[in-house]
Protein chains: 2
Amino acid sequence: MMPPRTQASAPTGEPDPSRRNNLSLLTSLVHHHGVLSRAQLTRQTGLNRSTVGTLIGHLTSLGLVYESAPSGEGQVGRPSPEVHPSPSIAALAVNPEVDAVTIGLVSLGGKVQKKIRFETERIPSAREAVNIAAAVIAGMRSELDASYRITGVGMAVPGLVNRDDGVVRHAPHLGWRNEPVARMLSEAAGYPCQAANDASLGAEAELIFGAGAGTSAGQGNLIYLNGGASGIGGGIIADGQLLRGASGYAGELGHTFVRSGGSACHCGATGCLETEVSQSRLMELAGLSSGDTADLEEALGNSRSAAVDDEVGRQLTYLGIALRNAVNIFNPDAIVLDGFLGTLHALAPASLDAILRSQAMDGPAGQAKIYRAALGSDLMMIGAAELAFTPFLADPAGLGPTPGTIPAPASRTG
Amino acid sequence: MMPPRTQASAPTGEPDPSRRNNLSLLTSLVHHHGVLSRAQLTRQTGLNRSTVGTLIGHLTSLGLVYESAPSGEGQVGRPSPEVHPSPSIAALAVNPEVDAVTIGLVSLGGKVQKKIRFETERIPSAREAVNIAAAVIAGMRSELDASYRITGVGMAVPGLVNRDDGVVRHAPHLGWRNEPVARMLSEAAGYPCQAANDASLGAEAELIFGAGAGTSAGQGNLIYLNGGASGIGGGIIADGQLLRGASGYAGELGHTFVRSGGSACHCGATGCLETEVSQSRLMELAGLSSGDTADLEEALGNSRSAAVDDEVGRQLTYLGIALRNAVNIFNPDAIVLDGFLGTLHALAPASLDAILRSQAMDGPAGQAKIYRAALGSDLMMIGAAELAFTPFLADPAGLGPTPGTIPAPASRTG
DNA sequence: ATAATATGTTTGTCTCTAGAACAATTCATT
DNA sequence: AATGAATTGTTCTAGAGACAAACATATTAT
């Protein structure tokens, strides 16, 4: 049968764009939802069930997903097998901070398999952060080679990152400028590497796996704001797509103008959200000299001081101005607050809502709901890994075979 | 040959998604560029030249494009015929304003064939605007039926418009609230109708046919700001897509916070860009009691008054704050200023640039270039028409046949 | 137990795109 | 003026992929 192809496409040649697109669609669905029955996949994709059958077979033979026995839910009709993302497909995540570099291993489906926090004596340079990451990855190497297929490394950096070339333009708190971290880590670790702004990745992670997953924000209009010791970062998802901008710098909501005559910000302007709303001021008032967001939340919750109340109110007002702007501009479904911004909101949940209701424009204000972030300390790992999963998800069949697995022959015809 | 199809897809049944997608791609390219040779289409789409041949043949037989003799440019090789958008494919555009309702006919390729400005004694109600538009369209009806295929009607409304259902949520200057204008006009005019915010449509029009067409903003990161007698409207295009938000309300840059303690805005907040930067203040200072943007520009250009200079400087400062925010958030390639904002910028071209350079963050500031709008009075017509073209462009083959044209039989096999 | 329902599986057909071979048309060179 | 090189349109064929129909299977409802 099947006459020898005259000279057709190269052996590794990509299949039809249509096929690639459908495989990508299925893989992404399984990745995002964790588990889905074949019947659900059929409905969600709109594809024919025979087509889904073929495609899932293809993905299974590639080792990207596996099927398990139907859960036996009380449904009429033949039970549909469940499709799971293969835990052996994984991405590495790297997140440099002022006091540590965290390296993680995240498998398809967004499950954090491993997380190693490497504390540093002082703020790491880009080279140091890369070396630390590369060393930890080297240590994991034999395990990775034996049991995983790594799609790549994603790096979440607190600063402006050009997503196209992986160069950190400026990370003020780390003191990095024009560091080509993606290339550096790629060379040092031996895996393809990409880098992006941490809050942008946080936004994606919260949308897919966190606060946005259950809500109507699943439609894809979400604003994520994270308040940390070093400032406020933001990420925006519009119509399902992360807002990147011309070079991937988009999303810097921390430098929204909120006050005339405010003090100068390190960014060069005055009156930025980040200078008016800061964790350190709250820490001082709460009488904490050190500690993290959790400590702060406890201290503020127990405080009965008027000064604390005033400052909380003040900061909520400025945060409200920034959110009002953002709501008018983006008309989001959801606003997700993380870090101490989540704390602020939790202290007076009605406050921000009221500000939006009264100050934002009627239409958009009615829709935006404020949530607290849900992913906690796994957020950066999941977000960074997503960066490395993205190219894989766009062409799932393009990945090499799983180690220790005999790749199934493509021909099932005959 | 070809056995009678068992029962295959319904006669009007849509073809393969792949085919639809490719037809859409080609039609959009031709629409946006006006003229393209087949060879250029082949390169830009990445499709095979035989495929492009088939597809163009299909589009030609549908009457959507036509080919003309090669321009005979000095190129080696066989000349490639030029593909033009058919001028008989057209959309209707409607733009209600405080003092007039303008109705236009725009053909594929963005050419305004006809524009009728119907001045009103007083601010038109939604019903009046719809009736005026329907009456003008009815008057054109025989001509339309004879020579055009109308893809639909697009309405550009100065206010918050829910794009999904075509309901005007609030158009403050027209005094409209919750008016289902799309449905009203659709019923009155007998064509499918959609509505959207005027500045959003302006952003699309400027990106495709105006200031964004030649520049790197063709990549798709553009901010459009229009200043008119009644306020400031904004539209944002991110990564090639118009920012819509959860309900299509996105883009309201006119209500960016720019000043603490500013006066109250009709939107409910204080310190909005729109209240601080206004055409009427400039008109007063320039000694104009009435007139349009052109009059204002002339008066300001000739003025030597210090009060005028101060006010221009003051407004530029506030505009700069709003632009600084927008640049930090969107990292655009281009900022397009229209109306009196274009005038302000033209009066002191270095001013806004300097503000961005010093106040916006390093990365994004370096890329954003400020342009003046290029489409002038055709802008709203082109933008509104684009709204009606969009569904057509997504499925060009779905449109009915051209009047007076015998539809080519689908079968060319035999 | 039987019917109804939902879903996996198999098979054949149809549509669409790419590629090869050929034809056409222009510019450059001799 | 003739020839060659380059580029593109045209025709034909083949291969890939998705869908629909028919059948098989597994569960719930009666």
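Lettering of chains follows the sequences in order, A, B, ..., and the numbering in each one begins at 1.
Residue A:Asn48 places none of its side-chain N or O atoms closer than 4.0 Å to OP1 or OP2 of D:dA18. For A:Ser18, a side-chain nitrogen or oxygen approaches OP1 or OP2 of D:dA18 to under 4.0 Å. Regarding contacts with the backbone of D:dT8, every side-chain N or O of B:Ser80 stays at 4.0 angstrom or more from both OP1 and OP2. Side-chain nitrogen and oxygen atoms of A:Asn22 include at least one within less than 4.0 Å of the OP1 or OP2 phosphate oxygen of D:dA18.
In this entry the distance linking CG of A:Asn21 with C1' of C:dT17 reads 15 Å, nearest Å. Between B:Asp16 atom CG and D:dG17 atom P there is a gap of 13 Å when expressed in whole angstrom units. Spacing between atom CD1 of B:Ile56 and atom P of C:dC16 amounts to 16 Å, rounded to whole angstrom units. Taking atom NE2 of A:His58 as the reference point, atom C1' of D:dA16 lies 12 Å away to the nearest angstrom. Whole-Å rounding puts the A:Arg19 CZ to D:dC19 P distance at 11 Å. Taking atom CZ of residue A:Arg20 and atom C1' of nucleotide D:dA16, one finds them 14 Å apart after rounding to whole Å. In this entry the distance linking CD of B:Gln75 with P of C:dA28 reads 10 Å, nearest Å.
Contacts between residues 29-47 of chain A and DNA chain C, counted as heavy-atom distances below 4.0 Å, involve A:Arg38, A:Ala39, A:Arg43.
Each of A:Val83, A:Val30, A:Leu26 was evaluated against A:Leu59; a single residue qualifies, A:Leu26, per the side chain to side chain contact (heavy atoms under 4.5 Å, CB included) test.
Looking at B:Asn48 and B:Ser50, their side chains do bring a donor and an acceptor atom within 3.5 Å of each other.
Note: B:Leu41 CG to B:Leu47 CG = 9.5 Å, rounded to the nearest 0.5 Å. Atoms CG and OH, from B:Leu105 and B:Tyr148 in turn, are 5.0 Å apart once rounded to the nearest 0.5 Å. Residue A:Thr45 holds its OG1 atom at 6.0 Å from CG of A:Leu25, rounded to the nearest 0.5 Å.
Formation of a donor-acceptor pair under 3.5 Å by the A:Thr27 side chain with backbone atoms of A:Leu393 is not found in this model. For A:Ser61 (side chain) and A:His58 (main-chain N/O), a donor-acceptor pair under 3.5 Å exists by modelled atom type. Between the side chain of A:Thr151 and the backbone N or O of A:Ala388, at least one donor-acceptor pair lies under 3.5 Å. In this structure, the side chain of A:Glu206 engages the main chain of A:Leu375 through a donor-acceptor pair within 3.5 Å.
Heavy atoms of A:Pro81 sit under 4.0 angstrom from primed sugar atoms or phosphate atoms, though from no base atom.
In the set C:dC16, D:dA6, C:dT5, D:dA6 carries the atom at the smallest distance from any side-chain atom of B:Val76. For A:Leu55, the side-chain atoms get nearest to D:dA18 when compared with the rest of C:dT17, C:dT26, D:dA18.
Relative orientation of the B:His32 and B:Phe209 rings is perpendicular, given thresholds of 30° and 60° on the angle between their planes.
With hydrogens and angles ignored, a donor-acceptor pair closer than 3.5 Å exists between the side chain of A:Ser50 and the base of D:dA20.
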Report all interatomic pairs (protein N or O, nucleotide N or O of nucleotides 21-23 of chain C) with separations under 3.5 Å.
none

